[in-house]
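Input: a single structure, listed below in structure tokens.
First listed ligand is number 1; within each ligand, the first listed atom is number 1. Keep in mind that what you see is a predicted model, and the values were worked out from it rather than measured.
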Amino acid sequence: MAFVSDKEANEENELILSLPKEMGLFAAPYLNLFQDFWCPSLYVQGVINFQKHFDAKDNDVFVASFPKSGTTWLKALAFVIVNHHRFSSFDHHPLLSSNPHQLVSGLEFFLSHDLPDQILSLSNMSEPRVLATHVPLPSLPESITKSNCKIIYICRNPFDTFVSTWEFFTKVSSRALTFEEAFEKYCNGITVFGPWWSHMLGYWKESIDRPNKVLFLKYEDLKEDTVFHVKRIAEFLDSPITREGVSNTVIENIIKLCRFETMKDLEVNKSGYINNIIEKKHFFRKGEIGDWINYFSPSMIEKLSKIIEEKLGDSGLSFKVHSEIPLQHATS
Ligand code: PPS
């Protein structure tokens, strides 16, 4: 089946070549400014394919996130909750033998190659499907925004997000910029799927306007009261595990299976690669709130605090950063 005519493919190529290009935090991948966000060059075609060829189903569940904000954790939780009727044994659960990124695909990557086969495999997936994306809300395919599918979004305080991003990319690619240079880029919004502020605000506003469509989570909240927020996720998804008669043990078992220490220690997450590119172990570093304090100079703290204040303004979105230093627009 021909998904894309030669003419359409040429037009897409020309469009991609014409996009503004910047070196991201690291030499690879480069970033292209596409539809007002900084898209890794390798994924621009995937985003276009996602927008043009993906058909959301009403019972789909999307994990949406800003990178390095808790995607891996939320993928695991969403997969376990949604599939509880299929995999109710926690001793033989697929998460014990597969990394969350193998169970829940990020569509901008998944659809960046072998399009007809990938579309077919998506349509053959058992339902409800749990899928993922880092694409900002305004650039999601229309079928996601228009259908009844649900989106669970996670983000994290911008301090820890930057440190996590820095540590990740220094492990998976060559270190092209210094910490300070990378920080400047981050402050200017030039980071994978950035700017981070518009990414967060897009989903934040949608979660207020359409609370049945988008559930907005923060890494810090999920970490501090996991039971409460996992129940929120299950209720949002209308999962039977929240109904009367189902014991709290199920929720506790889900949390235990998905917690950082469990996942990091699993053999399946200690070796091997995701998509033949990224070593699985790099998705699990410290899993803490407040590690940024070990990296930031006072002037960096001041600069990022001001940007948070300026960009998030009176949106109502604020973050806990677990620091003794009083930060504008952040609660410690
Ligand atoms: S990615 O590449 O965008 O999918 O990365 P992402 O998963 O969003 O973010 C990676 C950070 O999340 C931590 N992590 C977890 N925290 C709590 N619980 C679980 N299960 C978990 N799994 C991964 C991971 O360690 C990264 O944070 P840092 O601060 O770098 O440790």
### Message
Aromatic contact between His199 and Phe193, with the criterion being ring centroids under 6.0 Å apart: yes or no?
### Response
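Between His199 and Phe193, the centre distance exceeds or equals 6.0 Å.
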### Message
In this structure, is the centre-to-centre distance between the rings of Phe216 and Trp204 below 6.0 Å?
### Response
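Yes.
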#### Entry: Donor on one side chain, acceptor on other, Ser239 and His84, under 3.5 Å
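On atom types as modelled, these side chains do not qualify, holding no pair under 3.5 Å.
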When only distance counts, is [X] in polar contact with ligand 1, meaning an N/O pair under 3.5 Å?
| X | answer |
| --- | --- |
| Phe66 | no |
| Glu288 | no |
| Tyr219 | yes |
| Phe168 | no |

Under 4.0 Å from a heavy atom of [X]: which atoms of ligand 1 are those, numbered in the order shown and with their elements?
| X | answer |
| --- | --- |
| Lys286 | 25 (O), 31 (O) |
| Gly70 | 6 (P), 7 (O), 8 (O), 9 (O) |
| Phe284 | 22 (N), 23 (C), 25 (O) |
| His101 | 4 (O) |
| His134 | 3 (O) |
| Pro67 | 3 (O) |

### Query
Among the heavy atoms of Lys264, does any lie under 4.0 Å from an atom of ligand 1?
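Judged by the 4.0 Å heavy-atom criterion, Lys264 does not count as contacting ligand 1.
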#### Entry: Contact check, side chains of Pro195 and Lys311, non-hydrogen atoms, under 4.5 Å
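Side-chain contact under 4.5 Å: no.
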### Task
Determine, for Phe62 and Lys150, whether the Lys NZ or Arg CZ falls below 6.0 Å from the six-membered ring centre while staying within 45 degrees of the axis.
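Not flagged: Lys150 not positioned over aromatic ring of Phe62.
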### Query
Can you list the steps and then say if Lys223 with Glu220 is a salt bridge (Lys or Arg N to Asp or Glu O under 4.0 Å)?
CA-CA 5 Å; Lys223 192 95 190 161; Glu220 295 74 27; over 6 Å; no
